[in-house]
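All remarks here apply to the structure that follows.
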Amino acid sequence: MKYKKGHFYIENVSAERIAKKFGTPVYVYSYEKIISNIYNFQKNFKTINPLICFSVKSNSNLQILNLISKLGLGADVVSKGELVRALNAKIKPEKIVFSGVGKTIEELKFAISKNILLINTESENEIVEIEKIARKSKKKINIGIRFNPDTDAKTLKNISTGKRENKFGLTKEKFLYLLKKYKNSKFVNIDCLSVHIGSQITSHVPYKNMLNAVNKIIQNSKYKFKYIDLGGGMGINYENNSHKLNYYKYKNLIKSFLKKNNSKIIFEPGRSIIGNAGYLISKIIYIKHTKSKNFVILDSAMNDLIRPALYGAKHRIIPSKLNNKKIKKKHEFVGPICETTDKFLSVDRYQKINQRDIVLICDVGAYGMVLSSNYNLRPKPPEILINKSSAKIITKRQKLNNII
Ligand SMILES: *Cc1c(COP(=O)(O)O)cnc(C)c1O
C-alpha cells in the first residue's frame with residue numbers, strides 16, 4: 001500500500017479505480033496486509049505458543065473471518081450473532097471463547113450446545129445460570145472468570161476496560177470468593193483466568209502492571225489455571241511517528257510470568273490484526289472556505305466511521321493523488337450528517353484539493369464497518385477485498401430501497 005507515480009495503490013489496484021468502479025464511500029481491505037499482520041503477530045509470540053482468538057467484534061465480515069479461519073486462528077466472540085458467524089467461517093468450536101458482561105440465557109444455552117472452548121464469565125449471576133444449564137443438559141462446562149486488575153491502560157478513556165470503575169470483570173476480592181465457591185462445582189470447570197484492560201495500548205507498561213496483578217492473584221489463590229487469557233488491546237500506529245506497542249518487551253514480560261505460572265496463553269487481538277489493513281475511500285462533495293479554515297465535506301460520515309465522533313480517535317486522511325501544492329490553512333474534514341461531532345480530522349495544512357477529489361481515511365479495518373449505522377437514513381457502504389490485482393465485493397452496498 002503506497003504511492004506509485006503519485007497515485008495511491010492498495011496492492012495492485014489504485015484508490016481512484018476502486019472509487020470509480022464501486023462508488024464512494026467504500027471500505028477496502030488488503031488481503032496481503034491481513035496475512036502479514038497475522039504472521040507477524042504469530043512470529044512475535046512464537047516462543048510462548050499462544051492460542052490466538054481473533055476478536056470478531058473488531059471486524060465480523062464473513063470473508064475476512066474465512067481467511068482468518070484458514071490461517072488457523074480461533075475467535076473471541078461477544079454475542080450469539082458473532083458466534084454463529086465464527087462457526088459459519090468454520091472456526092473450530094474448541095478455538096472459540098465467549099466474552100461479555102451480559103450474555104443472555106439464550107446465548108449461554110447456544111454456546112454450551114456448541115461445545116466452545118470457554119465461556120469467560122464476568123459475574124456470579126452468570127455462573128449460577130451456567131450451572132443451571134449444565135445441570136439440565138448433564139454437562140460440565142468450561143468457564144473462565146474475568147479479573148479486573150484495576151490497571152490503567154493509558155489509552156483513550158472510553159476504550160479503557162481494566163479499571164475498578166469499569167463494568168468489566170471482577171475485583172480481586174470477588175474473584176477469589178467465586179473461585180473458592182465454584183472450584184469444586186459439579187457443573188463448571190474453572191479453566192481460565194481472563195483479563196482485557198482496554199484497546200489501543202501502545203506501551204508495555206500497562207501490560208506489565210496487569211501481569212503483576214494477575215500473578216499476585218494466582219499466588220494468592222494457589223489455584224492452577226489451564227489457560228490465562230490476556231485479551232487483546234495491542235495498539236497500532238494511527239498517526240505518523242506515534243507509538244506502537246513493543247511486542248518484544250511484552251513477550252518477555254509474559255515469558256517471565258510463565259516461569260511462575262505454567263498455563264496456556266490465549267490472546268484476543270482485533271485491532272492489531274485488521275486495523276491497518278482497511279481504508280475508507282471517500283469523495284469530496286464540497287469545500288467550504290471560511291476565513292479561519294476550509295471545511296472539506298466528504299461523502300462519508302460518522303454513520304460510516306464513528307470512531308472520531310465516539311472516542312475522539314484520529315485517523316490520517318490522505319489524497320488518492322499527490323501534488324506538490326501545499327496550502328497553509330486549516331482543513332477540517334467533515335461528513336454531511338447533521339451533528340457537530342460528524343468530523344473526522346483537523347489539520348494545519350494540506351495539499352491543494354478540489355471538489356470530487358478522492359481521499360482515503362486510513363487504518364479503519366477495525367471498529368470501522370462493524371460500528372456503521374443507518375443514521376440520517378444513509379445506506380451502509382460496501383466492503384471490497386483486494387488481493388493483488390483482484391478487487392472482490394465482500395459486502396454489497398446497502399440499497400436505499402431496503403432501508404426506506
Ligand atoms: C474488544 C475486545 C478485544 C479486542 O481488543 P483489540 O483492542 O481490538 O485487540 C479482546 N478481548 C475482549 C474481551 C474485548 O472486549
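One-based numbering, in listed order, for ligands and for the atoms of each. What you see is a predicted model; the values in this text were computed from it and never measured.
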Which heavy atom of the protein is the closest neighbour of [atom], given with residue, atom name and distance?
atom	answer
atom 14 (C) of ligand 1	Lys57 NZ, 2.8 Å
atom 10 (C) of ligand 1	Glu268 O, 3.1 Å
atom 9 (O) of ligand 1	Gly233 N, 2.8 Å

### Task
Tell me which part of Ile201 gets within contact of ligand 1: side chain, backbone, both or neither, using heavy atoms under 4.0 Å.
neither
### Region of Glu122 engaging ligand 1 - heavy atom pairs below 4.0 Å
neither
### Message
Glu165: which residues meet the salt bridge (Lys or Arg N to Asp or Glu O under 4.0 Å) condition with it, sequence neighbours left out?
### Response
none
Which of the atoms of ligand 1 are close to [X], meaning less than 4.0 Å from one of its heavy atoms?
X	answer
Arg271	6 (P), 8 (O), 9 (O)
Arg146	13 (C)
Gly270	6 (P), 8 (O), 9 (O)
Asp76	10 (C), 11 (N), 12 (C)
Gly232	9 (O), 10 (C)

### Query
Which is closest to atom 4 (C) of ligand 1 in terms of heavy atoms, Ser199, Ser55, Ala153?
Ser55
### Query
Does Val334 have any side chain to side chain contact (heavy atoms under 4.5 Å, CB included) partners at least two apart in sequence or in another chain, and if so, which?
Phe295, Ile297, Glu332, Lys343
Does a donor on one side chain and an acceptor on the other come within less than 3.5 Å for [X] and [Y]?
X	Y	answer
Glu383	Tyr29	yes
Asn294	Lys329	yes
Lys226	Asn142	no
Thr161	Asn166	no
Asn303	Asn374	no

[X] near ligand 1, heavy-atom distance under 4.0 Å?
X	result
Ala366	no
Pro269	yes
Tyr367	yes

#### Entry: Member of Ile228, Thr47, Leu211 meeting the side chain to side chain contact (heavy atoms under 4.5 Å, CB included) criterion with Ile254
Leu211
### Message
Can you tell me how the ring of Phe8 sits relative to the ring of Tyr3, calling it parallel under 30°, perpendicular over 60° and tilted otherwise?
### Response
perpendicular
